[in-house]
Trainee: 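Can you read through this structure? Questions will come right after.
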Amino acid sequence: MRTLIAANWKMHGNLSWVQKPAEFRALFPANQAKGDKNIDMLLCPPAHMLEAMARASEGLDISIGTQNCHDQSSGAYTGELSADMVAETGANYVILGHSERRAIFGDTDDWVASKTSAAQKAGLTPIICVGESRAEREAGHAEEVVGSQIAGSIPMDADGDNLVIAYEPVWAIGTGLTPTIEDIAIIHDHVRGCLTTRFGAKTADKIQILYGGSVKPSNAKEILALKDVAGALIGGAGLDMESLAAIAAAV
Ligand code: 13P
């Protein structure tokens, strides 16, 4: 399975950052890095730089994604972008249901499911984020919470051939903390099981399941070596192209 190394820039950066894809490529040239052919790189900047980033990434073999989209195609939704509008910028991925969207902006499983449907219809690849809170983990409910988010956030009409899942434990985001390698393996195995129930093994086995939450050069190798971990969704360390290249080189 190919590995997806995705940087979620959240609300960081300005238009001068369009140079970053070239900066990344200079650090991680396609023809030098071992195994590079199996790695897909994705940068998800704030919406105002999507189009410029998509243009700057052409020919560099780097995809561009957004961090959200609306489920409706148009209408009186001040401040929102539809999936078709995102696609028009040249982006081809969209992160949906990130825990910050769920906690701060009220994204529910139902809404994430509708957004997923809209994104796939627009030709975008959705990356659906799931993950338990610290309290849920401490109460022993991590698998149950993640299973229920998976069930609720994947729409009935979902195309399993154009879908990525990211397991991001809320308590590991931006904290420097990560679950143990065993705990990551357990949840990824559980996610694979949920996807198998939903799509059947043939499709489920091809869905990339990413890990996110305090991924950095020092822990990437161990995490990315896990059987069911097909990449990483990176916050803080993805703002720095040297760190991002080091994480990609760890694949
Ligand atoms: P950090 O890598 O900063 O923990 O953020 C992870 C994240 O939220 C990626 O979507």
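Heads up: numbering here begins at 1 and tracks the sequence. As the structure lists them, so they are numbered: ligands from 1, and atoms in each ligand from 1.
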Trainee: So is Lys10 in contact with ligand 1, going by heavy-atom distances below 4.0 Å?
Mentor: yes
Trainee: May I ask you to list the atoms of ligand 1 that are less than 4.0 angstrom from any heavy atom of Asn8?
Mentor: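 Per the distance check, 9 (C), 10 (O).
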Trainee: Side chain or backbone of Ala237 under 4.0 Å from ligand 1, or both, or neither, by non-hydrogen atoms?
Mentor: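 The answer is neither; Ala237 stays 4.0 Å or more away.
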Trainee: Measuring only between side-chain heavy atoms, which start at C-beta, is Trp171 closer than 4.5 Å to Glu138?
Mentor: no
Trainee: Are Glu168 and His98 close enough that a side-chain donor and a side-chain acceptor fall under 3.5 Å?
Mentor: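 Present: a donor and an acceptor within the cut-off.
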Trainee: Could you tell me whether Ile173 and ligand 1 have an N or O pair separated by under 3.5 Å?
Mentor: no
Trainee: Any salt bridge linking Arg192 with Asp228? Criterion: basic side-chain nitrogen under 4.0 Å from a carboxylate oxygen.
Mentor: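 Yes, Arg192 and Asp228 are salt-bridged.
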Trainee: With a cut-off of 4.0 Å, which atoms of ligand 1 are near a heavy atom of Ala172?
Mentor: 4 (O)
Trainee: Within the structure, is a non-hydrogen atom of Gly174 found at a distance of less than 4.0 Å from ligand 1?
Mentor: yes
Trainee: Can you tell me which residue and heavy atom of the protein come closest to atom 2 (O) of ligand 1, and the distance to 0.1 Å?
Mentor: Gly235 N, 2.9 Å
Trainee: Are any of the side-chain nitrogens in Arg137 or Asp183 under 4.0 Å away from the carboxylate oxygens of its partner?
Mentor: yes
Trainee: Under 4.0 Å from a heavy atom of His98: which atoms of ligand 1 are those, numbered in the order shown and with their elements?
Mentor: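 Once the distances to His98 are compared, the set is 7 (C), 8 (O), 9 (C), 10 (O).
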Trainee: Kindly confirm or rule out an N or O of Thr175 lying under 3.5 angstrom from an N or O of ligand 1.
Mentor: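 No; every N/O pair is 3.5 Å or more apart.
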Trainee: Indicate the ring-plane relationship of His188 and Tyr211, choosing parallel, tilted or perpendicular according to the 30° and 60° boundaries.
Mentor: tilted
Trainee: What protein heavy atom sits nearest atom 3 (O) of ligand 1, and how far off is it?
Mentor: Gly236 N, 2.8 Å
Trainee: Using only atom types and a distance under 3.5 Å, with no angle test, would you say the side chain of Ser214 pairs donor to acceptor with the backbone of Ala172?
Mentor: yes
Trainee: Using a strict threshold of under 4.0 Å (side-chain N to carboxylate O), is an ion pair present between Asp40 and Arg2?
Mentor: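 The answer is yes: the pair qualifies as a salt bridge.
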Trainee: Return yes if a side-chain donor-acceptor contact under 3.5 Å exists between Thr3 and Asn38, otherwise no.
Mentor: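 There is no such pair (donor and acceptor under 3.5 Å, judged by atom type) between the side chains of Thr3 and Asn38.
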Trainee: Where's the contact between Leu233 and ligand 1, heavy-atom distance under 4.0 Å: side chain, backbone, both or neither?
Mentor: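 For Leu233, the contact with ligand 1 is made by both the backbone and the side chain.
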Trainee: Could you tell me the residue and atom name of the protein heavy atom closest to atom 9 (C) of ligand 1, and the distance to it rounded to 0.1 Å?
Mentor: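 Residue, atom and distance for the closest contact: Glu168 OE2, 2.9 Å.
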